[in-house]
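Here's the structure, in structure tokens; my notes come after.
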Amino acid sequence: MKNIAILASGSGTNAENISRYFADSKDIRVAVVLSNNTKAGVHERVGRLGIPSFVFSREEFAEGTVILNKLTEYNVELVVLAGFMNMISEVLLNAYPNKMINIHPSLLPKYGGKSMYGMHVHEAVVAAGEKETGITIHYLNDQYDKGDVIFQTSCPVYPSDTPEEVAERVHGLEYIYYPQVIENLLNLDHL
Ligand code: GAR
């Protein structure tokens with residue numbers, strides 16, 4: 001069994017979707033969810049599926065040791081960020097080289113960087129009059145949204161779209177492709 005950890009700070013719809021995708025798998029499972037937010041919806045979502053979730057402080061994520069201990073305890077092979085809004089420590093990046101991935105709700109390098117997350121991204125896309133947007137799945141490195149790209153796909157943005165409508169379309173792409181990309185990575189021998 002290959003174990004995944006999901007890091008999430010918010011509602012956790014991707015975390016739930018990924019957990020459900022692997023629920024019947026004999027090879028891959030979401031073993032644990034880690035968050036920096038006690039109030040995040042992700043706890044209830046994955047709790048309903050019997051997946052344990054834990055909260056650590058911003059300082060603990062920045063320092064890394066207790067997070068690493070938790071990942072080791074659950075024998076985690078791949079760390080998946082899904083709406084996680086904290087920086088990842090060097091301790092973790094060194095412990096999981098090319099085994100930490102993130103999803104970003106735009107076509108990076110467009111609309112990436114520290115203040116670009118969640119609805120801020122879709123608001124900026126609409127304000128700029130973009131005709132398309134999409135998702136980027138990438139490896140983590142020590143800079144926001146700058147790691148090597150694993151997968152991108154796009155969707156249209158229509159002139160009448162609100163940021164909420166764009167968010168819904170982008171979430172749709174995330175639900176289809178993030179679990180598939182995770183599965184492909186875990187089935188590659190280098191992991
Ligand atoms: C997702 O759209 C994800 O791409 C985005 O946050 C949302 C989380 O939704 N991540 C970022 O913006 C990272 N910079 P969810 O909590 O419902 O999965």
Side-chain angles (χ1 to χ4, degrees), residues 4-23 30 32-49 51 53-56 58 61-62 78-89 92-93 100-128 130 132-157 161-182 185:
I4 301 167
I6 297 182
L7 272 51
S9 303
S11 170
T13 64
N14 275 286
E16 178 176 356
N17 179 61
I18 295 162
S19 302
R20 287 189 186 280
Y21 182 89
F22 292 114
V30 176
V32 64
V33 168
L34 309 185
S35 179
N36 60 321
N37 182 1
T38 328
K39 298 199 179 93
V42 69
H43 301 294
E44 199 190 319
R45 286 181 186 278
V46 300
R48 284 199 295 263
L49 302 173
I51 297 167
S53 64
F54 299 92
V55 178
F56 294 98
R58 176 178 292 270
F61 274 105
L78 181 69
V79 178
V80 171
L81 276 67
F84 183 70
M85 305 305 177
N86 258 213
M87 202 71 190
I88 292 295
S89 79
L92 293 184
L93 287 169
M100 302 188 85
I101 63 171
N102 181 42
I103 192 163
H104 187 79
S106 74
L107 296 170
L108 290 174
K110 283 185 150 186
Y111 306 102
K114 192 166 191 252
S115 55
M116 277 293 168
Y117 58 88
M119 281 306 292
H120 297 296
V121 176
H122 309 304
E123 282 159 7
V125 163
V126 168
E130 294 283 357
E132 67 166 12
T133 187
I135 60 170
T136 304
I137 298 169
H138 63 93
Y139 289 109
L140 280 198
N141 67 10
D142 57 359
Q143 289 174 290
Y144 279 103
D145 303 328
K146 290 276 174 65
D148 289 347
V149 172
I150 302 165
F151 177 86
Q152 284 188 309
T153 191
S154 63
C155 61
V157 179
D161 273 345
T162 61
E164 289 73 19
E165 286 167 327
V166 174
E168 198 180 323
R169 206 168 297 129
V170 168
H171 261 122
L173 294 179
E174 295 184 332
Y175 300 152
I176 294 169
Y177 292 105
Y178 209 10
Q180 291 180 21
V181 168
I182 292 166
L185 286 175

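One-based numbering, in listed order, for ligands and for the atoms of each.
Among all non-hydrogen protein atoms, the one lying nearest atom 4 (O) of ligand 1 is E174 OE2, 2.4 Å. Given atom 14 (N) of ligand 1, the protein heavy atom at minimum distance is H104 ND1, 3.2 Å. What sits closest to atom 9 (O) of ligand 1 on the protein, heavy atoms only, is H171 NE2, 3.3 Å. Scanning the protein for heavy atoms near atom 17 (O) of ligand 1, the closest one is T13 OG1, 2.5 Å. Ranking the protein heavy atoms by distance from atom 16 (O) of ligand 1 puts G12 N, 2.8 Å first.
In summary, the atoms of ligand 1 found under 4.0 Å from a heavy atom of P105, numbered by their order in the structure, are 2 (O), 4 (O), 5 (C), 10 (N), 11 (C), 12 (O). Of all the atoms in ligand 1, the ones that sit under 4.0 Å from a non-hydrogen atom of G83 are 6 (O), 8 (C), 10 (N). Distances below 4.0 Å separate heavy atoms of Y117 from the following atoms of ligand 1: 12 (O), 14 (N).
Partner R45 forms a side chain to side chain contact (heavy atoms under 4.5 Å, CB included) with one of S11, S19, S53 and no other, that one being S11.
The proximity of M116 to ligand 1, defined as any non-hydrogen pair under 4.0 Å, is limited to the backbone.
Looking at D161, its side chain never comes within 3.5 Å of a backbone N or O of V166 through a donor-acceptor pair.
Taking the six-membered ring for Trp and thresholds of 30 and 60 degrees, F56 and F54 have ring planes inclined between 30 and 60 degrees apart.
Residue-to-ligand polar distances keep D145 apart from ligand 1: every N/O pair is separated by 3.5 Å or more. Ligand 1 has no N or O atom lying under 3.5 Å from any N or O atom of M85, backbone or side chain.
Look at R169 and E165 and you find no salt bridge, because none of the NZ, NE, NH1 or NH2 atoms lies under 4.0 Å from a carboxylate O.
At least one heavy atom of G118 sits less than 4.0 Å from an atom of ligand 1.
Counting only non-hydrogen atoms, the option in L108, V170, I103 that gets closest to atom 10 (N) of ligand 1 is I103.
Of the N and O atoms on the side chains of S9 and N36, at least one donor lies less than 3.5 Å from an acceptor on the other residue.
Between the CD1 atom of I137 and the CD atom of E174 there is a distance of 8.0 Å, given to the nearest 0.5 Å. In this structure, the separation between CD1 on I135 and NE2 on H171 is 10.5 Å, given to the nearest 0.5 Å.
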